[in-house]
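Just follow the structure's listing: the first ligand is 1, and inside any ligand the first atom is 1. Heavy-atom basis, side chains included; hydrogens, waters and symmetry copies ignored.
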Amino acid sequence: MKTLLKNGMVYTPCGFEQKNLLVEDGKVFLSFDLEADSAVNKLEASVDKIVACDNKYIVPGFVDVHVHLREPGFFYKETIKTGTMAGARGGYTTICSMPNVNPAPATLEALKVQLDIIERDAVIKVIPYGTITSRGDGRSRLADMEELSPYVLAFSDDGKGIQSKELMEAAMIEAKRLGKVIVAHCEDESLLHNGYIHDGEYARSHGHRGISSDSEWVQVMRDVQLAEALGCRYHVCHVSTAESVEIIRAAKGRGVGVTCETAPHYLVLSDADLREEGRFKMNPPLRGAADRAALIAGIQDGTIDMLATDHAPHGEEEKSRGLEKSPFGIVGLECAFPVLYTNLVKRHIITLDKLLDLLIGAPIRRFNLAGPRNSRIEEGMTADLAILDLDTEFTIDSKTFLSKGKSTPFDGARVQGHSVLTMVDGKIVYTEGADYANN
Ligand SMILES: [Zn+2]
């Protein structure tokens with residue numbers, strides 16, 4: 001299969017350059033001055049497909065290290081098929097699946113259930129996490145990390161914080177021995193007090209129970225100190241508080257091997273944007289305006305390394321129960337790039353170059369994904385690509401999502417920047433306008 005991506009702005013090591021790309025046998029070949037070349041007609045005649053990329057930007061596919069695909073176990077919320085279709089539509093070519101599924105991947109036998117479905121159904125690349133604990137509950141004994149290690153991105157009990165220092169210490173010692181990263185959802189359950197939105201102005205004025213910021217940063221602080229003492233590579237999930245940003249900034253200053261991510265909603269929204277709807281409920285919650293400002297400063301100065309969606313789909317009825325009764329979690333894969341491009345790049349908070357690093361280069365570097373994956377487009381690289389339209393304005397309509405989950409606070413937002421075509425290993429896995437309704 002030969003595909004010619006004609007006349008796009010290609011994201012090369014030198015920045016964006018107008019070029020033609022030939023994709024053949026799953027690899028990229030850059031081609032120069034095709035218009036001027038007398039061989040142009042011959043080449044065009046020899047390819048199977050030509051994609052006109054005028055005024056489009058061709059980038060390596062995005063990498064999301066924090067996605068809940070819900071399968072095996074919760075297929076009514078999402079499946080590996082629908083979740084990876086959603087990723088393809090969002091411009092993602094590699095996503096990493098969190099282990100709060102059933103069976104939880106705490107053993108190789110359990111992980112194989114998921115790996116088989118990935119093999120069968122995934123339309124983009126999926127790298128699973130293994131759990132830290134045997135039940136993925138932040139409390140039970142350690143999982144069989146050694147047998148899982150060759151098959152997983154890293155270890156996480158995402159959804160649950162590791163409740164005791166001793167358990168986290170044991171996990172870090174084992175992860176270090178295996179050369180893996182510990183990826184932590186930081187949440188001290190003794191500080192939750194049955195809260196479900198941020199313990200701030202909105203919670204107080206609307207009579208809701210709040211989740212305090214210290215439930216997050218107390219564990220970040222504990223873990224950073226452990227990682228520093230043990231020399232373990234440590235990554236914090238979905239950082240949401242100003243205090244967490246400051247702890248991580250200081251730790252990086254001391255040379256601790258810590259990285260972190262935040263998600264689009266924490267950068268764009270705060271508790272002032274809350275409404276009495278389940279689509280505004282996620283964990284950690286939308287924090288205060290000062291937290292949001294600290295997170296933006298964190299991405300600007302490099303304290304926050306990467307952006308992940310924390311795509312966490314639920315059934316429609318589940319999310320219809322309002323702020324108190326709905327489960328935590330919103331979908332993100334199909335609107336992350338437009339939301340980020342519109343709110344951060346168009347408003348000159350960060351450059352497009354920086355946004356692309358947060359979505360592509362940083363996760364590749366941190367999780368050693370280089371080799372099959374590139375952060376810039378180079379000759380010979382695996383053709384995992386997204387073709388972006390940065391200009392067309394549109395309204396986010398969750399009813400059109402390919403994910404089974406439709407719950408997002410960005411429903412109805414006017415945005416621009418979206419993938420019109422996504423390619424994995426040279427194969428087109430998503431084209432704007434194609435009908436995927438029966439998938
Ligand atoms: Zn989490």
Side-chain angles (χ1 to χ4, degrees), residues 64-70 73-74 77-78 83 95-102 104-106 127-133 135-139 143 152-163 167-168 171 181-189 191-192 195-198 211-220 222-223 234-241 244-245 248 258-267 269 278 280-287 291 295 304-314 318-319 326-333 336 363 366-367 405 407-409:
D64 190 344
V65 300
H66 196 136
V67 174
H68 296 273
L69 288 176
R70 306 301 195 199
F74 306 95
K77 296 176 193 273
E78 190 79 292
I95 58 179
C96 305
S97 58
M98 279 300 177
N100 55 344
V101 290
N102 187 15
I127 310 174
Y129 281 88
T131 55
I132 292 172
T133 66
R135 289 200 290 267
D137 59 1
R139 294 172 185 277
V152 296
L153 179 82
F155 294 98
S156 181
D157 267 12
D158 184 57
K160 295 285 180 189
I162 301 295
Q163 295 305 308
L167 187 56
M168 182 52 103
V181 182
I182 288 287
V183 174
H185 167 115
C186 288
E187 184 173 31
D188 184 327
E189 291 171 11
L191 300 172
L192 283 183
Y196 46 86
I197 60 169
H198 176 55
I211 301 174
S212 64
S213 293
D214 55 358
S215 64
E216 175 178 298
W217 68 256
V218 161
Q219 271 192 7
V220 175
R222 176 199 73 185
D223 289 358
Y234 173 70
H235 176 87
V236 189
C237 293
H238 42 55
V239 168
S240 73
T241 73
S244 302
V245 175
I248 293 162
V258 56
T259 52
C260 68
E261 75 201 26
T262 193
H265 39 283
Y266 304 116
L267 293 169
L269 304 173
F280 287 84
K281 183 176 177 181
M282 73 295 288
N283 189 17
L286 296 175
R287 300 285 186 185
D291 296 296
L295 295 169
I304 296 174
D305 300 84
M306 63 192 77
L307 295 172
T309 62
D310 194 5
H311 178 87
H314 292 287
E318 290 173 311
K319 287 299 277 183
S326 293
F328 292 109
I330 57 168
V331 293
L333 287 168
R366 177 51 160 170
F367 293 97
S407 200
T408 165

Undergrad: Minimum heavy-atom separation for R287 and S215, please, with both atom names.
TA: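 Taking every non-hydrogen atom into account, NH2-OG, 4.4 Å.
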Undergrad: Any salt bridge linking E261 with R366? Criterion: basic side-chain nitrogen under 4.0 Å from a carboxylate oxygen.
TA: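 No, this pair does not count.
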Undergrad: Inside 2.8 Å of the Zn ion (ligand 1) but strictly below it, how many protein N/O/S atoms are present?
TA: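 My tally for this metal is 3.
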Undergrad: Decide yes or no on side-chain contact (heavy atoms from CB on, under 4.5 Å) for R222 and M168, but give the supporting numbers first.
TA: CA-CA 9 Å; R222 176 199 73 185; M168 182 52 103; 3.8 Å; yes
Undergrad: List for me each residue that meets ring-ring contact (aromatic ring centres under 6.0 Å, His included) alongside H66, sequence neighbours excluded, and say none if there are none.
TA: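 H66 satisfies ring-ring contact (aromatic ring centres under 6.0 Å, His included) with H68, H238 once adjacent residues are dropped.
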Undergrad: Between H314 and K319, is there a side-chain donor-acceptor contact under 3.5 Å, judged purely by atom types and distance?
TA: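 Their side chains do not contain a donor-acceptor pair, so the 3.5 Å distance test is not met.
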Undergrad: Given C186, which partner from the list T241, D223, V218 fulfils the side chain to side chain contact (heavy atoms under 4.5 Å, CB included) test?
TA: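 The residue from T241, D223, V218 that satisfies side chain to side chain contact (heavy atoms under 4.5 Å, CB included) with C186 turns out to be D223.
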